[in-house]
Amino acid sequence: MAGVVEGAHMSHPDFRAGGKIFATLHVDNRHAMVKLTPEQQAQIIADHPAIFAPESGHGGARAVRGSS
């Protein structure tokens, strides 16, 4: 993607656009995080629950509840 830069955050790769992280690879190299709107996350989890799960912590829980 044009303008995307790979960096590192807390010892694992991240991907940034406009200086903001939108995706990271976890240190286990089996999991990743992509920032989505709460609505996008709820829909993807509902459609593919065996593949996708909310990120742990406040952001993931907030998205599952569907609030911003």
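We're numbering straight along the sequence, starting at 1.
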For the residue pair [X] and [Y], what are the closest heavy atoms and their distance?
{"X": "V27", "Y": "S11", "value": "CG1-O, 3.9 Å"}
{"X": "I45", "Y": "A53", "value": "CD1-C, 4.0 Å"}
{"X": "A8", "Y": "D14", "value": "C-OD2, 3.4 Å"}
{"X": "E6", "Y": "P13", "value": "OE2-CB, 3.8 Å"}

Only counting residues at least two apart or in another chain, list the ones meeting side-chain contact (heavy atoms from CB on, under 4.5 Å) with Q40.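 side-chain contact (heavy atoms from CB on, under 4.5 Å) list for Q40, sorted by chain: L36, T37.
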If the condition is side-chain contact (heavy atoms from CB on, under 4.5 Å), which residues does A23 pass it with, not counting sequence neighbours?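 By the side-chain contact (heavy atoms from CB on, under 4.5 Å) rule, A23 matches F15, V34.
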For a 4.5 angstrom cut-off between non-hydrogen side-chain atoms, does V4 reach F22? yes
How long is the straight-line distance from [atom2] of [Y] back to [atom1] of [X], given to the nearest 0.5 Å?
{"X": "R16", "Y": "T24", "atom1": "CZ", "atom2": "OG1", "answer": "10.5 Å"}
{"X": "M33", "Y": "H12", "atom1": "CE", "atom2": "NE2", "answer": "8.5 Å"}
{"X": "Q43", "Y": "Q41", "atom1": "CD", "atom2": "CD", "answer": "12.0 Å"}

Quick one: which residue pairs count as a salt bridge (Lys or Arg N to Asp or Glu O under 4.0 Å) with a foot in residues 23-35, not counting sequence neighbours?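 Residue pairs passing salt bridge (Lys or Arg N to Asp or Glu O under 4.0 Å), neighbours aside: none found.
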